[in-house]
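Heads up, the thing below is written out as structure tokens.
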Protein chains: 2
Amino acid sequence: MVRRKDPAVRSLLIERAAQMLRSREPITLRSLVAGTDVSTMAVYTYFGSMDGLWKAVRQEGFTRLAARLANVTMTADPVRDLAALSVAYLSNAAANPDLYRVMFDAGFDLEDSEAADETLHLLVRTVERAKSAGRFHPEVDALELATQGWVIGHGLASLVLTGPLPREALAHGPPVLTALFISAGDEPARCRESMGRGWNPECLVGSSNG
Amino acid sequence: MVRRKDPAVRSLLIERAAQMLRSREPITLRSLVAGTDVSTMAVYTYFGSMDGLWKAVRQEGFTRLAARLANVTMTADPVRDLAALSVAYLSNAAANPDLYRVMFDAGFDLEDSEAADETLHLLVRTVERAKSAGRFHPEVDALELATQGWVIGHGLASLVLTGPLPREALAHGPPVLTALFISAGDEPARCRESMGRGWNPECLVGSSNG
DNA sequence: GCTAAAACATAGCACCGTTATGTATTGTTG
DNA sequence: CAACAATACATAACGGTGCTATGTTTTAGC
């Protein structure tokens with residue numbers, strides 16, 4: 001064959017797009033490549049279209065989310081771990097609000113779905129650990145419960161990031177998740193205890209990136 | 001003064017925008033006025049800018065939501081009513097998916113947030129009725145619980161409408177809301193009973209408009 | 001070293017939201 | 001009723017957008 005694409009250029013453009021997203025600059029084809037030594041055509045050789053660029057940015061968002069969740073240190077208390085995963089999810093959204101919005105705006109295709117599935121699977125495994133530990137009822141469907149936790153986390157993140165709820169509303173997380181976990185069979189006092197140890201509010205203040 | 005604006009033209013443009021949104025046509029200034037007898041300038045005399053048009057469309061979305069919620073017939077069972085309001089909220093989102101997306105995308109500044117506030121307040125009043133009826137603990141903060149219900153409803157609507165979850169995932173509503181209401185003090189069996197009577201899944205099938 | 005294919009650079013396309021400018025319309029007022 | 005003034009409308013243009021067409025350069029394989 002012939003001249004190969006340089007993966008570094010691809011990463012550079014994605015990183016630059018994520019950075020412009022963070023600094024709230026409008027991302028246009030020309031503004032994206034301005035200041036770099038790549039030309040507008042590079043976007044088309046690497047991403048096919050501007051839509052392809054956005055898809056790649058979405059993918060990067062899921063990758064960062066997965067990395068942040070993978071950094072959560074698991075313990076012997078799976079319910080605490082679920083709380084810790086939830087706060088990691090929300091802190092990722094709070095740290096990269098525009099990236100999070102892009103991840104979940106229209107045009108969510110199969111490729112994104114795979115990235116999201118891996119993230120969800122981490123939740124599922126933790127729910128199953130909670131079942132094995134006798135914290136949740138055996139008849140609890142792990143995927144269903146994990147999905148319901150995701151619904152709560154996303155609803156919270158979405159309403160806070162798009163404006164309707166203030167940032168302090170993230171404090172709604174613990175009571176709602178606690179209600180969900182208790183309904184799954186956890187003993188109330190113990191659940192609240194685990195939630196208190198896993199939910200570190202420090203992670204949700206400020207807005208540095210990750 | 002002189003020549004006055006015609007309110008009918010304003011409604012016509014909003015209605016047309018909502019219809020184009022529904023039929024997934026891209027809404028541009030020129031495509032919006034094409035076929036009508038109004039010119040492109042009309043958009044600027046009536047809305048100031050294309051952003052103003054979108055703001056008006058958002059407002060229309062909240063007005064429709066408020067109308068749909070107001071149509072829910074209240075009963076002596078406030079928990080059933082909360083379930084009915086939730087399903088009305090979700091059916092509105094399912095019937096006008098693109099309108100719902102516009103309502104909650106970036107730039108949540110409505111010219112009058114009355115419609116949004118009124119919607120939440122209807123939930124708050126119903127929660128307070130549940131407290132008065134002895135279904136919820138007296139120390140429950142009605143606004144907080146209503147907000148938490150909203151978080152669940154929006155999370156569900158958002159994840160379903162933007163693609164990550166299939167439409168059947170709306171069935172997650174009852175168990176999660178039941179968990180929330182039980183945590184607020186409702187007796188489990190009675191709560192599930194009320195939820196079963198208020199949650200009419202018929203409203204969530206199909207995709208006709210409202 | 002030649003050839004062919006991939007990547008790059010430039011210029012241009014149709015379209016976008018917006019604005020400038022001129023014209024028609026209409027309520028107020030002398 | 002006529003003159004005015006202010007609003008609404010129509011048209012054309014402007015800068016910017018994503019994208020493409022068209023060369024030109026670079027590089028891998030024979």
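So that the names make sense, note that chain A is the first sequence line, chain B the second, and so on, each numbered from 1. Atoms considered below: every heavy atom in the structure, side chains included; atoms not considered: hydrogens, waters and symmetry mates. Computed from a predicted structure; not experimentally measured.
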Starting from [atom2] on [N], measure out to [atom1] on [X] and report it in whole angstrom.
X	N	atom1	atom2	value
B:Tyr46	C:dT18	OH	C1'	19 Å
A:Arg10	C:dA7	CZ	P	13 Å
B:Trp54	C:dC16	CH2	P	13 Å
B:Phe47	D:dC9	CZ	P	12 Å
B:Asp37	D:dA8	CG	C1'	13 Å

Among side-chain atoms of [X] and [Y], is any donor-acceptor pair under 3.5 angstrom?
X	Y	answer
A:His154	B:Ser158	yes
A:Thr162	A:Arg101	no
A:Arg30	A:Thr40	no

Passing option when A:Arg58 is tested against A:Thr63, A:Asp109, A:Asp112 for side chain to side chain donor-acceptor pair (under 3.5 Å):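 Output: one option passes, namely A:Asp112.
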Sub-6.0 Å ring centroid separation between A:Phe62 and A:Phe104: yes
Over 12 foreign heavy atoms within 6.0 Å of CD, A:Glu118: no
Neighbour count above 12 (heavy atom, 6.0 Å) for A:Gln19 CD: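 No.
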Per-nucleotide protein contact string for nucleotides 15-24 of chain D (B base, S sugar-phosphate only, - none; heavy atom under 4.0 Å): --BBBBB---
Strand contacts (DNA chain C) in residues 11-20 of chain B, 4.0 angstrom heavy-atom criterion: none
Check: A:Val79 main-chain N/O paired with A:Arg135 side-chain donor or acceptor under 3.5 Å: no
